[in-house]
Each structure stands twice: as structure tokens, then as C-alpha cells.
Chemist: 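The structure under discussion is supplied below as C-alpha cells; questions concerning it will follow.
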Number of protein chains: 2
Amino acid sequence: MQVSARTDYALRAMLAVADAPGRVTAAALARAQQMPPAFLQSILVDLRRAELLHGRRGGEGGYTLTRPAAEITVGDVVRAVNGALTTVRGLPTHSAAYPERAAGLRDVWLAVHDRIADIVDRTTLADLLNPAQSPEARASTGTGRRPPTPK
Amino acid sequence: MQVSARTDYALRAMLAVADAPGRVTAAALARAQQMPPAFLQSILVDLRRAELLHGRRGGEGGYTLTRPAAEITVGDVVRAVNGALTTVRGLPTHSAAYPERAAGLRDVWLAVHDRIADIVDRTTLADLLNPAQSPEARASTGTGRRPPTPK
DNA sequence: TTGTTTTCCTACTTGATTGATAGGAAGGGT
DNA sequence: ACCCTTCCTATCAATCAAGTAGGAAAACAA
């Protein structure tokens with residue numbers, strides 16, 4: 001039930017890129033968010049391969065978003081760096097086998113997975129940058145956002 | 001966002017003990033649930049220290065629950081073996097510091113934490129052993145159980 | 001009571017996965 | 001040509017999963 005450092009760093013990096021006006025270099029990113037520069041580099045490679053970031057080399061280089069911040073969800077970022085959204089014993093949640101008596105446990109992990117998906121797939125980077133209008137992040141209980149927001 | 005093997009094993013062990021009529025030995029537990037015996041032993045120690053299991057040695061020895069299965073929640077077991085319910089970068093979710101731009105991210109992890117807590121703190125071992133009457137585990141969306149179930 | 005069996009308990013060791021690092025190699029601007 | 005910045009690969013360190021070995025305690029039998 002733990003969020004890996006890789007996932008947390010990836011989201012913070014995406015938020016910093018989304019917030020900046022132009023391009024952002026990896027070095028500036030690491031300094032602003034206080035994360036190990038070399039480790040951040042390997043995370044940026046994952047985000048670039050997932051088509052979430054566009055990297056440009058050379059002078060005046062840096063990273064930009066491939067899509068508007070309102071069209072990138074937290075779930076997109078998590079899946080890019082972590083593979084599956086939730087895992088049990090290293091395996092994807094839906095593909096973990098359980099013996100006889102513990103069959104009901106599988107449903108618990110699936111329910112946890114669905115609740116998490118409800119949150120991260122409905123929250124966009126733009127929502128996080130405007131704290132005033134992010135209903136998801138504040139409500140402790142309830143469904144969250146009413147607007148359908150069809151993906 | 002991953003459930004550790006330790007947590008998964010601990011819950012399966014607790015379910016097997018709850019389901020058995022009398023005492024259950026660690027060896028029988030490992031065999032029935034197909035988990036490494038020695039690793040299970042270290043997990044049982046955690047469960048015993050958390051006052052969830054009572055171990056008895058000697059012939060006719062084994063483990064039993066310290067409380068009825070209906071009074072032990074999934075959350076109790078998770079916290080016993082994992083410390084905090086959810087962690088970000090190894091730290092408890094509520095105590096992770098975030099710099100300027102990523103402040104909104106903290107609320108996301110807190111919301112995830114609350115949703116997970118809603119599930120695991122309301123689901124008891126008895127619920128999991130009666131698949132017919134476990135509303136939590138089946139519903140993909142919604143609040144789950146209506147009865148207040150005051151702890 | 002003594003011995004024996006059964007089981008729980010503790011400490012240490014190995015292997016694998018993840019977090020983190022360093023040093024180039026390739027590409028864009030000037 | 002030169003410099004800067006992103007990219008890639010190989011490597012180190014730490015943590016967790018898993019396994020091993022050797023007691024310590026409790027129940028039963030003689």
C-alpha cells in the first residue's frame with residue numbers, strides 16, 4: 001500500500017513542467033523539487049517513452065508537455081513509471097491467484113484498486129495546479145466529482 | 001501503490017486461522033496457503049506482538065485469534081505488519097513534505113489514503129469468510145456498507 | 001520428575017528488487 | 001568547430017523478500 005519514490009518524483013516533475021511557462025531543464029527541475037538529479041533523469045526517460053513529455057536537446061533545450069495539463073491525469077503518470085496502477089506481491093492486482101479460504105481477499109484488493117482508479121483517473125495535472133477548484137483532493141468521503149468528464 | 005508480500009501473506013494467514021475450528025500450526029498454515037514457511041514465521045511474530053494472534057507451544061499447540069473474526073478488520077492486520085496504512089516514499093502519507101508547486105499532490109495521496117482506510121477499516125475477517133454477505137468487496141463504486149458499525 | 005516430542009520464537013545469512021549514481025555518447029544551437 | 005543539454009548504459013548502495021540454524025518453552029508419557 002505504498003507509493004514508490006519513483007511515482008512521487010514523476011508526478012512532482014510533471015507538475016513543475018506543467019506550471020512553467022516555457023521549457024524546463026532536468027537540472028532546474030531537480031533543484032526546484034529537491035530530488036536527486038541522476039535519479040530524476042531515469043524517470044524522465046520513462047515519461048518521454050510514454051509520450052507524456054517531449055524532450056529537446058541542445059542550447060535552450062528542456063522538457064515540455066505533449067498534451068495540455070488538463071488532458072493528463074495522475075493515473076497516466078503513475079502507469080507510465082510504475083506499469084500497473086496497483087500490484088499485489090509484485091503482480092498486477094487482477095491477476096493474483098488465491099487459494100481456497102482467502103478468495104474473498106482478492107475482492108478487497110480489487111475494490112481498493114477501483115477506489116484508487118476513481119481518484120487518479122479523474123484528477124488532472126491542471127486540477128492540482130488550481131487548489132481552489134480541486135474537489136477530489138479535498139473530500140474525504142463521497143464519490144468526488146459529479147461532472148461526467150468523459151475521457 | 002503496491003501491496004507488499006508481507007501484507008498479503010499476513011491477511012491470508014489470519015483468514016486461515018479464523019476459518020479453522022481449533023488451533024492451527026505454522027507449518028499447516030504455510031502448506032495450506034502455499035507460502036514460504038520461514039517467512040511466514042516472521043510475519044506471525046508481528047501479528048502476535050500486535051495482539052491479534054495468540055501462540056501456544058508444545059503438542060497440540062498452534063495459533064488462535066485473540067478476538068472474534070468479526071472484530072478484526074483488514075486495516076488492523078495491515079497496520080500490524082506494515083506500520084502505516086499507506087506510505088509515500090517510505091514515509092507515512094500525512095507526514096510527507098512537498099515544495100511549492102507540488103502542494104496539491106499531497107491532497108491526492110491523502111484522498112487515496114482515506115478511500116483505502118474506508119475499505120480496510122470497515123471490512124472484517126468475518127466478512128471475507130462469508131462471500132455472500134460482503135457488500136464492500138463487491139461494489140466497484142459507492143460508499144459500501146450503510147450500518148454505522150461503531151468501533 | 002525426567003525425558004521426549006512438538007511447537008513456537010529469535011538471530012543471522014543469502015538473493016533479488018528498488019533507489020540512487022557516474023561517465024560517457026548523441027544531438028541541437030551558436 | 002565548439003559548447004551546452006538531453007539521452008543512454010553500466011555500476012553502486014540500500015532495502016525487502018526469502019531461507020537457514022539453533023534454541024526456549026510447553027504439553028504429554030513413563
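We name chains A, B, ... by the order of the sequence lines, and we start the count at 1 in each one.
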Chemist: For C:dC9, take OP1 and OP2 only and decide whether either is under 4.0 Å from a side-chain N or O of B:Y63.
Modeler: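 So the side chain of B:Y63 is within the cut-off, an N or O lying under 4.0 Å from OP1 or OP2 of C:dC9.
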Chemist: Taking the side chain of A:F39 as heavy atoms from C-beta outward, which of C:dC8, D:dA17, C:dG19 is closest to it?
Modeler: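 Looking only at side-chain atoms, A:F39 lies closest to C:dG19.
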Chemist: Over how many whole Å does the gap from A:R31 atom CZ to D:dT5 atom P extend?
Modeler: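 Taking atom P of D:dT5 as the reference, CZ of A:R31 is at 11 Å.
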Chemist: Can you check the B:R56 CZ to D:dC28 C1' distance for me, whole Å?
Modeler: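 Rounding to the nearest Å, CZ of B:R56 and C1' of D:dC28 are 12 Å apart.
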Chemist: Looking at side-chain heavy atoms only, is the closest gap between B:V88 and A:Q2 below 4.5 Å?
Modeler: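 Heavy-atom side-chain distance check fails, nothing below 4.5 Å.
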Chemist: Nearest whole angstrom, please: distance from the P of C:dT17 to the CG of A:N82.
Modeler: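 To the nearest whole Å, that distance equals 15 Å.
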Chemist: Side chains of B:D8 and B:M35: closer than 4.5 Å at any heavy-atom pair?
Modeler: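 Not in contact.
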Chemist: I need the CD1-C1' distance between B:I43 and C:dC9, as an integer number of Å.
Modeler: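 So the CD1-C1' distance, B:I43 to C:dC9, works out to 15 Å.
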Chemist: Go through it in stages, so that I can follow the logic: the residues are B:Y98 and B:D107, the test is side chain to side chain donor-acceptor pair (under 3.5 Å), and I'd like the CA-CA distance, side-chain angles, deciding distance and then a yes or no.
Modeler: CA-CA 11 Å; B:Y98 284 98; B:D107 294 337; over 6 Å; no
Chemist: When the distance from CZ of B:R6 to P of D:dT15 is rounded to whole Å, what number comes out?
Modeler: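 The answer, rounded to whole Å, is 16 Å.
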Chemist: Measure the distance from CD on B:Q2 to P on C:dT18 and round it to the nearest whole Å.
Modeler: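 It works out to 7 Å between those atoms.
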Chemist: Name the residue closer to the 5' end of DNA chain C, choosing between A:P37 and B:T25 according to the nucleotide with the nearest heavy atom.
Modeler: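 It is B:T25, whose closest nucleotide lies nearer the 5' terminus.
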Chemist: Please give, in whole Å, the distance from D:dT6 P to A:R49 CZ?
Modeler: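 Value for this atom pair: 17 Å.
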Chemist: With a non-hydrogen cut-off below 4.0 angstrom, is A:R89 in contact with a base, only sugar-phosphate, or nothing?
Modeler: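 A:R89: no heavy atom of the nucleic acid under 4.0 Å.
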Chemist: Would you kindly say whether B:H113 and B:T86 are connected by a side-chain donor-acceptor distance under 3.5 Å?
Modeler: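 Judged by distance alone, the side chains do pair up.
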Chemist: Which listed nucleotide (C:dT10, D:dA26, D:dG19) is nearest to the side chain of B:R57?
Modeler: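 Closest nucleotide among those given: D:dA26.
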Chemist: When you measure from the side chain of B:T123 to the backbone of B:V120, do you find a donor-acceptor pair of N or O atoms at a distance under 3.5 Å?
Modeler: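 No.
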Chemist: Check every strand shown and say whether B:A38 touches a base, only sugar-phosphate, or nothing at a heavy-atom separation below 4.0 Å.
Modeler: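 Result for B:A38 = base.
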Chemist: Could you tell me whether B:G62 contacts a base, only the sugar-phosphate backbone, or nothing, with contacts defined as non-hydrogen atoms closer than 4.0 Å?
Modeler: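 Sugar-phosphate only.
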Chemist: Distance check needed: D:dA18 P versus B:L40 CG, whole Å only.
Modeler: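 Result: 11 Å.
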Chemist: Scan A:S4 against the nucleic acid and name what it touches under 4.0 Å (heavy atoms): base, sugar-phosphate only, or nothing.
Modeler: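 Contact class for A:S4: sugar-phosphate only.
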Chemist: Counting the atoms with a prime plus P, OP1 and OP2 as sugar-phosphate, which does A:A26 contact under 4.0 Å by heavy atoms, base, sugar-phosphate, or nothing?
Modeler: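 It contacts sugar-phosphate atoms only.
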Chemist: The side chain of B:Q41 lies closest to which of these nucleotides: C:dT10, D:dC8, C:dG29?
Modeler: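 The closest nucleotide is C:dT10.
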